2 protein chains.
Amino acid sequence: MSALTNAIEILRCFSSARPDLSFADVMALTGKPKSSTSRLLRSLRDCGLLEQDPHTRRYRPGLLTFELGRLHRAHDDLISMAERELREVCARTGHTGYIAVLDGYEQVVLRIVPGSNPLRVVNPPGQRTPALATSNGRAMLARLTDEDIRARVPATYPKLPRNSPQNFKQLMARLDEIRRTGVSEAADESIEGVGSQGFALKSGETGEMIGIAVSYSVQATTAAERADVRRELAAMAAKLRRMTGDPLDQDTARVQTGTR
Amino acid sequence: MSALTNAIEILRCFSSARPDLSFADVMALTGKPKSSTSRLLRSLRDCGLLEQDPHTRRYRPGLLTFELGRLHRAHDDLISMAERELREVCARTGHTGYIAVLDGYEQVVLRIVPGSNPLRVVNPPGQRTPALATSNGRAMLARLTDEDIRARVPATYPKLPRNSPQNFKQLMARLDEIRRTGVSEAADESIEGVGSQGFALKSGETGEMIGIAVSYSVQATTAAERADVRRELAAMAAKLRRMTGDPLDQDTARVQTGTR
DNA sequence: AAGGCAGTTCCAAATTCCGGAACCTTGTCC
DNA sequence: GGACAAGGTTCCGGAATTTGGAACTGCCTT
């Protein structure tokens, strides 16, 4: 096992759950003897990969990781990062993927990932739709405060497709459901026979939010397939949220009663 | 020279000016033989510290640096406290705020608070600049001992913008002025037409130091506005120093003649 | 076909790393 | 104050990794 491998093993001990570690923590987590841990921690600290709190003596990722991390992100902004993940999911499931942003009470499609299944693409990039009537649109709305939502929805509630929420109360009920379950689903709304599932992704850095959805024909898919999509989306959401530092928990905590 | 040292040497080749590097770039920058470079790059890639673009084959900082970078001082009291205050000042004045730390004779931007005034942000987080040429950088240096400063500044004094101190003596004169007046100001240094005012904040608990600055367009602000910024900053500094137990007086008391 | 570019693999010598044990430091308890 | 424990560092010989020159492999270009 090389010195670099050991160094990485230490670095990988840090996580959002454990953003800083004591000497003893590192020893316990890596299972290495004291002398090795001591030497390695010192090296990592000296080279800037770790920092040590002068008071508590605990270690945390260093300035160098911060600088390098910023450079990594430069190549991978929120949208292209999400698009890459979405492509994989669409390739696996055969369905069509969407990435959109919120603008007022509408959403605008930014990217589309055509699936292999024969389903005509009806929402090209630039397409504007009421966010109230799509899975990812509602997922984005669900992350706003109730106050903010009220301000966005027009005074006279818009006329929406049959299966969409028909008034403000119905809308809030659906958003609460999304907040509770973390799942946003749509079927037979904007387009007859088309369903979708989506979620909202927010960058911890810039605060920008995008909505990601996978869309399919309701008739041509089985319940099992749709459950599979749900699993795929959940995994993608988890991965992307880790990558972008999505501040998911702080968002709605104070506003809603349920915990999410 | 240890394997880790060599690895770090490679990682330090990356910067905002050079966010990705080819094999040849790394070889040229480190001066190491081909075989060593090849082995090391592969190790770094395999462990996640670097990524390789599958198409161009160029290297860039990897996902691991991104994840660790997010953890860097993620819940640092000093910084988040300062950021909160800075946000208020920036909201009131409309100017852009920066929080940075000192690393050698350079500073690294940690946080930025965009102002409402139209001034393009040219120093994103992670940006590295000579601390000698910024208001908050010099404010931080001013709180070190003369001995420490001398050790940090390179033997051959770096070439700095026109309005920055051009040699060690000029630098010390400016630092003494900061120590005397408690005010650090910059104008037309790193960026033409941009001025800033800053101060250094030190935690009495951990001893860590950060530099806080407010930046504005020199042309688009009046002297009165800048005086207002000075008052805002003085108030913020006083408040933060009380909150963090900044041991301001002990710092330089022994070193300098004036009391501040 | 030859040549240059980009990078990998091989190998023996040399350096570094590993980990047990002894040794410091600091804070704590009686 | 003295003893003790926890937390951490230093030492050292044997073991393992690293090193860099040279040869090798693809892959373009001329």
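Protein chains get the first letters and strands the later ones, always in sequence-line order, with residue 1 at the start of each. Please read these numbers as outputs of a predicted model, since none were measured by experiment.
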Asker: Does the pair A/Glu83/A/Arg87 count as a salt bridge with the N-to-O cut at 4.0 Å?
Answerer: yes

Asker: So, is A/Ser38 close to the D/dT9 phosphate, meaning a side-chain N or O under 4.0 Å from OP1 or OP2?
Answerer: yes

Asker: If you check every side-chain atom of A/Lys34, which of C/dT8, D/dG8, D/dG20 has the closest atom?
Answerer: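 From the listed options, D/dG8 comes nearest.
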
Asker: What is the separation between atom CD1 on B/Ile10 and atom P on C/dG7, rounded to the nearest whole Å?
Answerer: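 Value for this atom pair: 13 Å.
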
Asker: Could you check how far CG of B/Leu41 sits from P of C/dT8, rounded to whole Å?
Answerer: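 Whole-Å distance recorded here is 8 Å.
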
Asker: B/Arg57 has an atom CZ; how far is it from atom C1' of D/dC28, in whole Å?
Answerer: 14 Å

Asker: For the pair B/Glu88 and B/Lys239, find out whether any cationic side-chain nitrogen is under 4.0 Å from an anionic carboxylate oxygen.
Answerer: no

Asker: Could you give the CE-to-P distance, from B/Met27 to D/dG21, as a whole number of Å?
Answerer: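 From B/Met27 CE to D/dG21 P: 11 Å.
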
Asker: Within this structure, what is the NZ-to-C1' distance between B/Lys32 and C/dT8, rounded to whole angstrom?
Answerer: 19 Å

Asker: Counting just side-chain N and O atoms, does B/Asn6 come under 4.0 Å of either OP1 or OP2 of D/dT18?
Answerer: no

Asker: Is the closest basic N to carboxylate O distance between B/Arg111 and B/Asp76 below 4.0 Å?
Answerer: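 Between B/Asp76 and B/Arg111 there is no salt bridge, as every charged N stays at least 4.0 Å from the carboxylate O atoms.
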
Asker: D/dG8 P sits how many Å from A/Leu50 CG, rounded?
Answerer: 14 Å

Asker: Can a side chain N or O of A/Arg39 be found less than 4.0 Å away from OP1 or OP2 on C/dC18?
Answerer: yes

Asker: Would you mind reading off the distance between B/Arg42 atom CZ and C/dC10 atom C1', rounded to a whole angstrom?
Answerer: 13 Å

Asker: Check this for me, if you would: do A/Arg92 and A/Asp228 make a salt bridge, where the nitrogen-to-carboxylate-oxygen distance has to be below 4.0 angstrom?
Answerer: no

Asker: Would you mind reading off the distance between B/Leu40 atom CG and D/dG20 atom C1', rounded to a whole angstrom?
Answerer: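 Rounded to the whole Å, the gap is 13 Å.
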
Asker: With a 4.0 Å cut-off on N to O distance, would you call B/Glu189 and B/Arg138 a salt bridge?
Answerer: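 Here B/Glu189 pairs with B/Arg138 in a salt bridge, since their nearest N and O are under 4.0 Å apart.
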
Asker: Determine whether a donor-acceptor pair (one donor, one acceptor, N or O, separation below 3.5 Å) exists between the side chain of A/Ser35 and the base of D/dG8.
Answerer: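 Under the 3.5 Å cut-off, the side chain and the base do not form any donor-acceptor pair.
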
Asker: Which is more 5' along DNA chain D, the nucleotide nearest A/Ser22 or the one nearest B/Ser2? Just name the residue.
Answerer: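 Taking each residue's closest nucleotide, the earlier one in sequence belongs to A/Ser22.
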
Asker: Want to settle it: does B/Ser36 or A/Ser36 sit nearer the 5' end of DNA chain D, counting the closest nucleotide to each?
Answerer: A/Ser36

